[in-house]
Every structure is written in structure tokens, then in C-alpha cells.
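Keep in mind that the numbers below use all heavy atoms, side chains included, and drop hydrogens, waters and symmetry copies. In this chain, numbering begins with 1 at the start of the sequence shown. Counting convention: from 1, in listed order, for ligands and their atoms alike.
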Amino acid sequence: MEYTELANAAVKAKEKAIPPYSHFHVGAALLTEAGKIYEGANIESSSYSLTICAERTAAFGAVLAGERKFRAIAIAGDSEGFTPPCGACRQVLLELCGKDIDVILIDKKDNLKIFKLNDLIPFSFTEENLK
Ligand code: THU
């Protein structure tokens, strides 16, 4: 699977980040099964805990637009290395996008690392555990 376009979209989405406190820009690009890309970027709040990550803005935006089937999400951060999704985002992506999506990380040198979401959040809590 070639993810160059999706990775580029995640890097570009970083420009939309609003991180006045951490100064750490993160961009995300979520790919639907039909091939559409939804961007996300982190948006911070002066009430720090209200900050929302790039992955979740992408997922919520896509779902609000009516999307329910996803193939992959690409994530680009500001550090030299890779920016893996935080625990909260892993949980939300699992529930909204499904365990089988690919998670593509991009570093500053445009190297890609690809995971299955399921491998990033094993033995997860889902709606099945509420039954
Ligand atoms: N952040 C993300 O947007 N995604 C991640 O996967 C890790 C962290 C954001 C949250 C906060 O605005 C900043 O990066 C520093 O933690």
C-alpha cells in the first residue's frame, strides 16, 4: 500500500495546528475506504486538559461528515523522530475507525513507519465489554 499522498496530507495539515502552549504542531490525515482524505490538527486550550489531538479532530470531522469506513490514518509531529498517537487517540480511533486501519507515522526526513491500529492498542476496552 502506497501512502505517500496521505503522508503528505498529514505534514500539510500541521499548518492548521493551534498549539500556543506546547508549540508542538501535529497533523493527521484520515483516509476513508472510498479514498477521501480528512485532515486534522491539534488545537490547544488555556485550560490545558481541553486540548484535542490531531488524530481526534480528524476522526470527529470525518464522522461528522457522515463517514463510517476507514482505511488508514497518517500522523506527522514536530520532533525529529516519529509521533505515535497518544492512548486517548488510540481508543477513539479504535472505536470510530476500527482496529484494522493502518497507522502511518512520518518523521522529519519523510521516513514512514506503518502499524496496524490493533497492534497499538491490544486487549482493548470496547462496547463488547459493556454487555
Ligand atoms: N498531540 C497530538 O496532537 N497527537 C499526538 O499523537 C500526541 C500529542 C498534541 C497534543 C498537544 O497539543 C501537543 O501535541 C503536545 O502534547
Side-chain angles (χ1 to χ4, degrees):
M1 173 63 69
E2 183 58 71
Y3 283 128
T4 311
E5 189 194 344
L6 193 66
N8 289 343
V11 172
K12 182 94 180 113
K14 276 204 297 183
E15 291 169 15
K16 295 187 177 160
I18 305 174
Y21 308 104
S22 74
H23 307 290
F24 190 76
H25 298 71
V26 185
L30 180 60
L31 179 67
T32 69
E33 245 179 44
K36 192 163 176 189
I37 293 175
Y38 287 83
E39 290 182 333
N42 56 324
I43 300 172
E44 297 187 345
S45 168
S46 55
S47 180
Y48 300 155
S49 64
L50 301 183
T51 289
I52 182 162
C53 294
E55 298 89 324
R56 275 177 287 155
T57 58
F60 293 149
V63 168
L64 280 172
E67 305 288 355
R68 298 299 292 156
K69 292 190 170 163
F70 300 96
R71 213 185 296 167
I73 187 166
I75 305 159
D78 252 352
S79 58
E80 283 303 314
F82 296 102
T83 299
C86 76
C89 288
R90 293 178 197 209
Q91 178 73 27
V92 169
L93 291 173
L94 178 75
E95 297 195 52
L96 293 183
C97 305
K99 64 183 173 48
D100 294 325
I101 62 163
D102 287 333
V103 177
I104 299 107
L105 310 182
I106 306 114
D107 71 8
K108 278 274 177 66
K109 291 182 177 143
D110 289 334
N111 295 306
L112 303 189
K113 225 187 224 304
I114 305 181
F115 299 88
K116 280 279 173 214
L117 180 60
N118 197 38
D119 294 326
L120 297 181
I121 182 165
F123 194 52
S124 51
F125 181 81
T126 68
E127 61 177 341
E128 292 305 310
N129 303 105
L130 292 172
K131 290 176 183 162

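Near ligand 1, heavy-atom contacts under 4.0 Å come from Ser22, Phe24, Val26, Asn42, Glu44, Thr51, Cys53, Ala54, Glu55, Pro84, Pro85, Cys86.
Here the rule is side-chain contact (heavy atoms from CB on, under 4.5 Å) with Leu31, and of Tyr38, Tyr3, Phe70 only Tyr3 fits it.
Around the CD atom of Glu95, the shell of radius 6.0 Å holds more than 12 heavy atoms that belong to other residues, nucleotides or ligands. Atom NZ of Lys108 has more than 12 neighbouring heavy atoms from other residues, nucleotides or ligands inside a 6.0 Å radius. Heavy-atom contacts from other residues, nucleotides or ligands closer than 6.0 Å to NZ of Lys116 number more than 12.
Ion pairing of Asp78 with Lys14 is present here, as a side-chain N (NZ or NE/NH1/NH2) and a carboxylate O approach within less than 4.0 Å.
In this model, a donor atom of one side chain and an acceptor atom of the other lie less than 3.5 Å apart for Glu2 and Thr4.
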